[in-house]
Amino acid sequence: MLPKSQIPVQDYGAIPSNLPASRADDRLPSGEATGKAGLLPQANDNPPLRLEEHQFSSQLVGAYRRKEFEVFYQPKVRVSDHEIIGAEALIRWNHPDLGILAPQSFGHHLYHGELGRSVSYWCLETACKQAASWRCDHAPDFGVSVNTCAAQLSCRDMPARVASILSLTGLPPTALELELTEDHDLDGLPNLPRNLDQLRDMEVGIAVDDFGTGFASLKHVLNYPISRLKIDRLFVASLDKPSQTMRTCASIVEMATKLGVDVTVEGVETQEQLRVLKAIGCTEVQGFLYSRPIPAAQFERLLINGFAFAPA
């Protein structure tokens with residue numbers, strides 16, 4: 001694993017000048033729990049804190065400046081032999097008071113502006129540099145997938161910036177996959193078709209995350225140069241018993257195979273789910289059955305030692 005001091009390098013800057021960023025503004029306000037919008041779950045079981053829009057913004061600016069964001073990794077596992085063949089890189093906020101926070105707590109406020117684009121490119125560089133190191137030391141075919149944000153996808157310079165990061169980190173383009181997440185209204189993003197075409201020409205993979213939910217629909221598979229579908233965990237939850245869901249998953253796998261698109265199934269938590277997915281032709285999975293998203297040091301130990309159990 002790369003020492004934290006050696007992981008990235010490049011300053012992606014672009015902190016909006018109109019956002020407050022003083023240390024005093026970074027402190028969490030006290031508050032009562034209310035509805036879902038603007039709530040930040042705490043690390044313990046206490047009610048979440050209400051954060052106003054400007055308070056969220058100032059905290060996130062401070063977090064970026066103080067390098068409080070981290071990248072965790074969840075294994076992508078080959079079903080046939082349970083080997084780790086890659087990872088999804090997932091951002092976490094190591095909050096000084098609340099501990100490790102997942103992006104469900106802050107992503108909505110982060111990814112709709114310049115700061116979100118800066119953090120996303122930082123995350124991409126971090127993941128690419130780490131993946132290149134693991135390819136060199138442990139797994140020569142290792143690949144990494146990284147989530148994108150709308151602010152990245154809509155900018156004309158995205159392919160050039162991705163190419164620059166690949167050159168900087170030494171990761172081959174074929175070892176990188178960029179994920180289009182469920183909150184992307186792809187039809188409304190300028191420059192998207194051009195950017196995706198250029199990325200695929202570079203041999204960077206393009207995955208549709210959470211397929212079957214939100215904006216992730218079949219038309220995007222047909223209209224854009226998609227190389228992978230990631231079947232949403234909602235389809236997996238009821239696979240422990242025969243159901244329409246199982247038939248739907250089988251149909252998605254069959255369709256993807258005919259279109260020449262790879263498939264990863266997310267949210268696999270039980271041996272029975274894994275057995276059913278293997279039976280319907282799934283070849284790659286992610287999920288808590290194997291591992292939660294974990295820091296790079298823990299992931300490297302997993303990459304070296306393998307899993308401590310033998311799934312069916």
Side-chain angles (χ1 to χ4, degrees), residues 1-2 4 7-8 40-44 60 63 67-79 82-95 98-108 110-111 116 119-120 122-135 138-139 142-149 171 175-183 205 207-211 213 228 230-234 236-237 264-270 273-274 284-309 311:
M1 187 200 71
L2 293 171
K4 191 170 183 179
I7 296 180
L40 182 61
Q42 298 186 65
N44 53 31
L60 291 168
K67 305 184 187 303
E68 291 173 1
F69 293 117
E70 298 183 10
V71 179
F72 279 31
Y73 300 87
Q74 185 174 37
K76 298 168 74 173
V77 181
R78 187 167 54 218
V79 171
H82 313 295
E83 287 293 316
I84 297 173
I85 56 177
E88 180 178 358
L90 297 157
I91 192 169
R92 294 292 186 265
W93 180 3
N94 191 353
H95 194 284
L98 303 180
I100 301 296
L101 300 177
Q104 290 86 341
S105 303
F106 59 88
H108 174 74
L110 175 63
Y111 289 123
V119 172
S120 294
W122 169 84
C123 184
L124 176 62
E125 185 189 334
T126 301
C128 288
K129 193 166 188 177
Q130 185 64 81
S133 174
W134 284 332
R135 283 172 66 91
H138 307 297
F142 188 90
V144 67
S145 60
V146 185
N147 291 322
T148 58
C149 72
L171 186 71
L176 174 63
E177 190 170 76
L178 299 177
E179 296 194 9
L180 312 177
T181 58
E182 64 175 349
D183 60 348
V208 174
D209 197 12
D210 305 312
F211 183 76
T213 67
R228 182 179 302 277
K230 300 192 75 175
I231 298 178
D232 187 74
R233 65 188 68 246
L234 294 177
V236 180
T264 300
V265 181
E266 300 181 287
V268 179
E269 298 185 358
T270 70
Q273 290 169 354
L274 182 64
E284 183 179 308
V285 298
Q286 285 177 242
F288 290 178
L289 175 63
Y290 289 99
S291 174
R292 296 174 180 268
I294 52 179
Q298 293 182 35
F299 188 94
E300 183 163 1
R301 289 195 292 272
L302 199 60
L303 192 59
I304 294 170
N305 300 323
F307 300 105
F309 68 102

To the nearest 0.5 Å, what is the distance between NE2 on His138 and CD1 on Ile84?
11.0 Å
Search all heavy atoms of Gly116 against all heavy atoms of Cys149 and return the closest pair with its distance.
O-SG, 4.0 Å
Result of checking Leu124, Leu180, Asp209 against Thr148 for side-chain contact (heavy atoms from CB on, under 4.5 Å):
Leu180
Separation between CG of Leu101 and CD of Glu70, rounded to the nearest 0.5 Å
11.0 Å
Classify the ring geometry between Tyr73 and Phe299 as parallel (under 30°), tilted (30 to 60°) or perpendicular (over 60°).
tilted
How close do Val236 and Gly267 get, counting heavy atoms only, and between which atoms?
CG1-O, 3.7 Å
Can you see which heavy atom on Arg92 is nearest to which on Pro103, and at what distance?
NH1-CD, 3.3 Å
With under 30° as parallel and over 60° as perpendicular, where do the rings of Phe69 and Trp122 fit, or are they tilted in between?
tilted
Qualifying residue for salt bridge (Lys or Arg N to Asp or Glu O under 4.0 Å) with Lys76, from Glu88, Glu83, Glu266, Glu177:
Glu177
side-chain contact (heavy atoms from CB on, under 4.5 Å) for Leu303 and Phe142? Distances and angles first, verdict last.
CA-CA 10 Å; Leu303 192 59; Phe142 188 90; 4.2 Å; yes
What is the ring orientation for Tyr290 with Phe307, classed by angle as parallel under 30°, tilted 30 to 60°, or perpendicular over 60°?
tilted
Check Val71 against Thr126 and note the closest heavy-atom contact, atom names and distance.
CG2-CG2, 3.7 Å
Non-hydrogen side-chain atoms of Trp93 and Leu60 separated by less than 4.5 Å:
yes
Taking the side chain as C-beta and beyond, is there a heavy-atom pair between Ser145 and Arg228 under 4.5 Å?
no
Measure the spacing between CD1 of Ile85 and OG1 of Thr264 and express it to the nearest 0.5 Å.
7.0 Å
Gln273 versus Leu289: any side-chain heavy-atom pair under 4.5 Å?
no
Looking only at heavy atoms, what is the nearest atom pair of Leu171 and Ala132, with distance?
CD1-N, 3.8 Å
Supply the atom-to-atom distance Phe288 CZ to Arg233 CZ, rounded to the nearest 0.5 angstrom.
6.5 Å
Just so I know, are the side chains of Cys128 and Leu176 near enough to count as touching, which here means a heavy-atom distance under 4.5 Å?
yes
Steps toward side-chain contact (heavy atoms from CB on, under 4.5 Å) verdict (Ile294, Arg301)
CA-CA 11 Å; Ile294 52 179; Arg301 289 195 292 272; over 6 Å; no
Correct closest heavy-atom pair for Pro75 and Gln286 would be O-CG, 3.4 Å
Give, for atom CD of Gln298 and atom CZ of Phe72, the distance between the pair rounded to the nearest 0.5 Å.
7.5 Å
Ile100 CD1 to Glu68 CD distance, which is reported to the nearest 0.5 Å:
10.0 Å
